[in-house]
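Written out below as structure tokens is the structure these notes cover.
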Amino acid sequence: MKKNITIAIDGTAASGKGTLAKKLAKKFNYAYLDTGKLYRASALIIKEKDINYKNLKEIIDFLKNYNFTNYDFNNYELKSDKIGKLASLISGYKELRELLLLFQRKFANKRHPKKLGVILDGRDIGTVVLPKANIKFFVTASLPVRAERRWKELISLGQSTIKRHVEKDLRDRDERDSKRKHSPLIVSPDAVLIDTTNLDADEVFLLAKNNVEEYLRY
């Protein structure tokens with residue numbers, strides 16, 4: 001089996017890209033990085049340090065020497081809707097993206113013992129972070145379906161929310177992601193497009209798994 005494979009997974013919020021990435025990483029024994037959690041972690045850090053999200057200089061001054069290597073990305077607070085919104089707001093900062101880009105590429109390029117490759121998911125993996133990735137996927141779904149998924153997720157986490165508000169937040173996030181000046185969310189020309197609107201997680205995984213296995217055969 002080929003080794004040191006890189007897989008880039010991009011897509012819209014609540015489209016299922018994270019679930020797919022984790023399933024593929026487990027199946028093929030690849031190291032996995034959810035790059036969205038880097039932005040959520042940054043948002044949580046500046047919130048805890050009481051740094052105004054509009055104060056770019058203070059954000060960069062604090063985070064430029066921050067060691068994310070040992071950060072607990074399983075921190076429950078990272079899943080909160082408030083942190084997600086804040087992460088979306090600061091993700092448009094070019095300086096912050098460049099700072100976190102270094103960490104992402106370092107993760108992708110370093111040796112991970114007993115792992116056969118790496119998978120990164122996010123918004124600009126196939127276009128900016130790993131433009132030469134061996135395999136690229138772009139995952140999306142209709143806005144109503146994504147809103148339903150995110151609403152159910154938030155409810156399961158004990159967060160009180162209204163579905164129409166969730167849909168509006170996702171619509172706003174889509175617009176920020178696709179229209180931001182630096183590293184916008186776009187489909188890489190060589191990415192495999194997967195629309196999960198009418199597919200469950202297992203069906204999405206099977207589609208992607210078949211693509212990976214076909215690549216590995218040749």
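What you see is a predicted model; the values in this text were computed from it and never measured.
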Query raised in the report: Any side-chain heavy atom of L63 within less than 4.5 Å of one from L96?
Result: yes

Query - L38 side chain reached by Y71 side chain, heavy atoms, under 4.5 Å - result: no

Requested in this report: Answer yes or no: is there an ion pair linking D172 with R176, defined by an N-O contact shorter than 4.0 Å?
Outcome: no

Query raised in the report: Do D121 and K22 sit within salt-bridge range, that is, some charged N less than 4.0 Å from a carboxylate O?
Result: no

**Report entry** Step-by-step side chain to side chain contact (heavy atoms under 4.5 Å, CB included) determination, T35 to I125
**Finding:** CA-CA 9 Å; T35 66; I125 310 303; 3.7 Å; yes

Query raised in the report: Given side chains that start at C-beta, do those of V192 and F138 come closer than 4.5 Å, heavy atoms only?
Result: no

Query raised in the report: Is a salt bridge present between R123 and D177, judged by a nitrogen-to-oxygen distance below 4.0 Å?
Result: yes

Report task. Take Y39 and R97, measure what side chain to side chain contact (heavy atoms under 4.5 Å, CB included) needs, and give me the verdict at the end. Result -> CA-CA 9 Å; Y39 290 94; R97 300 198 71 86; 3.4 Å; yes

Report task. Taking the six-membered ring for Trp and the full ring for Phe, Tyr or His, determine whether the centres of F107 and H112 are under 6.0 Å apart. Result -> yes

Query raised in the report: Do you know the tightest heavy-atom contact between I46 and A43?
Result: CG1-O, 3.2 Å

Report task. Provide the closest heavy-atom pair for T196 versus S15 in the form atom of the first, atom of the second, distance. Result -> OG1-O, 2.8 Å

**Report entry** L130 versus K136, closest heavy-atom pair with distance
**Finding:** O-CE, 3.9 Å

Query raised in the report: Would a hydrophobic clustering, with Ile, Leu, Val, Met, Phe, Trp and Tyr connected at side-chain separations under 4.5 Å, put L185 with I9?
Result: no

Query raised in the report: In terms of hydrophobic clusters joined by side-chain contacts under 4.5 Å, are V118 and F137 together?
Result: no

Query raised in the report: Stepwise, does the side chain to side chain contact (heavy atoms under 4.5 Å, CB included) test hold for F205 with L24?
Result: CA-CA 7 Å; F205 169 67; L24 289 175; 3.8 Å; yes

Query raised in the report: In terms of hydrophobic clusters joined by side-chain contacts under 4.5 Å, are L89 and L78 together?
Result: yes

Query raised in the report: Is the closest basic N to carboxylate O distance between K57 and D61 below 4.0 Å?
Result: yes

Requested in this report: Could you tell me whether the side chain of R146 and the main chain of A141 form a donor-acceptor pair under 3.5 Å?
Outcome: yes

Requested in this report: For residues F28 and L216, determine if any side-chain heavy atom of one lies less than 4.5 Å from a side-chain heavy atom of the other.
Outcome: yes

Requested in this report: Heavy atoms only: give me the nearest L86-K47 pair and the separation to one decimal.
Outcome: CD2-CB, 4.3 Å

Query raised in the report: Which value, rounded to the nearest 0.5 Å, describes the distance between N4 atom CG and L116 atom CG?
Result: 8.5 Å

Query raised in the report: Same cluster for I59 and L100 if Ile/Leu/Val/Met/Phe/Trp/Tyr side chains link at under 4.5 Å?
Result: yes

Query raised in the report: Can you hop from L101 to F62 via hydrophobic side chains spaced under 4.5 Å?
Result: yes

Query raised in the report: Any donor-acceptor pair under 3.5 Å linking the side chain of N211 with the backbone of L207?
Result: yes

Requested in this report: Evaluate the ring planes of F103 and F73, with Trp represented by its six-membered ring, and classify them as parallel (under 30°), tilted (30 to 60°) or perpendicular (over 60°).
Outcome: tilted

Query - R217 CZ: over 12 foreign heavy atoms closer than 6.0 Å - result: yes

Query raised in the report: Okay, side chain of S156, backbone of E153: is any donor-acceptor separation there less than 3.5 Å?
Result: yes

Query raised in the report: Between S142 and T197, is there a donor-acceptor pair closer than 3.5 Å when you use the side chain of the first and the backbone of the second?
Result: no

Query - Contact check, side chains of Q104 and L120, non-hydrogen atoms, under 4.5 Å - result: yes

Report task. Test Y93 against H182 for ring pair (Phe, Tyr, Trp, His ring centres under 6.0 Å), laying out the working first. Result -> CA-CA 8 Å; Y93 295 149; H182 307 291; 9.9 Å; no

Query raised in the report: Are any side-chain N or O atoms of S88 and backbone N or O atoms of G84, one a donor and one an acceptor, separated by less than 3.5 Å?
Result: no

**Report entry** Point-to-point distance, once rounded to the nearest 0.5 Å, from OG of S80 to CZ of R40
**Finding:** 7.0 Å

Requested in this report: Could you walk me through whether D202 and L206 pass side chain to side chain contact (heavy atoms under 4.5 Å, CB included), step by step?
Outcome: CA-CA 6 Å; D202 290 336; L206 183 60; over 6 Å; no

Query raised in the report: If you take all heavy atoms of A133 and T6, which pair is closest and at what distance?
Result: CA-OG1, 3.2 Å

Requested in this report: Report yes if some heavy atom in the side chain of V139 is under 4.5 Å from a heavy atom in the side chain of L20; otherwise report no.
Outcome: yes

Query - From OG (S188) to CG (L193), nearest 0.5 Å - result: 11.5 Å

Query - Lys/Arg N to Asp/Glu carboxylate O, K163 vs E167, below 4.0 Å - result: no

Query - R150 with D169: basic N within carboxylate O range, under 4.0 Å - result: no

Requested in this report: Starting at CD1 of I51, measure out to CD1 of I60 and round the result to the nearest 0.5 Å.
Outcome: 10.0 Å

Query raised in the report: So, do D10 and K17 sit near enough that their side-chain heavy atoms are less than 4.5 Å apart?
Result: no

Requested in this report: Find the distance between CD1 (I83) and CG (N75) and round it off to the nearest 0.5 Å.
Outcome: 9.0 Å

**Report entry** Whether over 12 other heavy atoms sit under 6.0 Å from K115 NZ
**Finding:** yes

Query - Y66 ring center near F68 ring center (under 6.0 Å) - result: yes

Query - Ion pair check, E213 and K209, cut-off under 4.0 Å - result: yes

Report task. Side-chain contact test, heavy atoms from C-beta onward, threshold under 4.5 Å: evaluate it for D200 versus V204 and give yes or no. Result -> no

Query raised in the report: What is the minimum heavy-atom distance between T12 and T140, and which atoms define it?
Result: OG1-OG1, 3.4 Å

**Report entry** CD1-OH distance between I119 and Y30, expressed to the nearest 0.5 angstrom
**Finding:** 7.0 Å

Report task. Mark yes or no for whether D124, through its side chain, and T127, through its backbone, hold a donor-acceptor pair below 3.5 Å. Result -> no

Query raised in the report: Okay, side chain of N134, backbone of I5: is any donor-acceptor separation there less than 3.5 Å?
Result: no

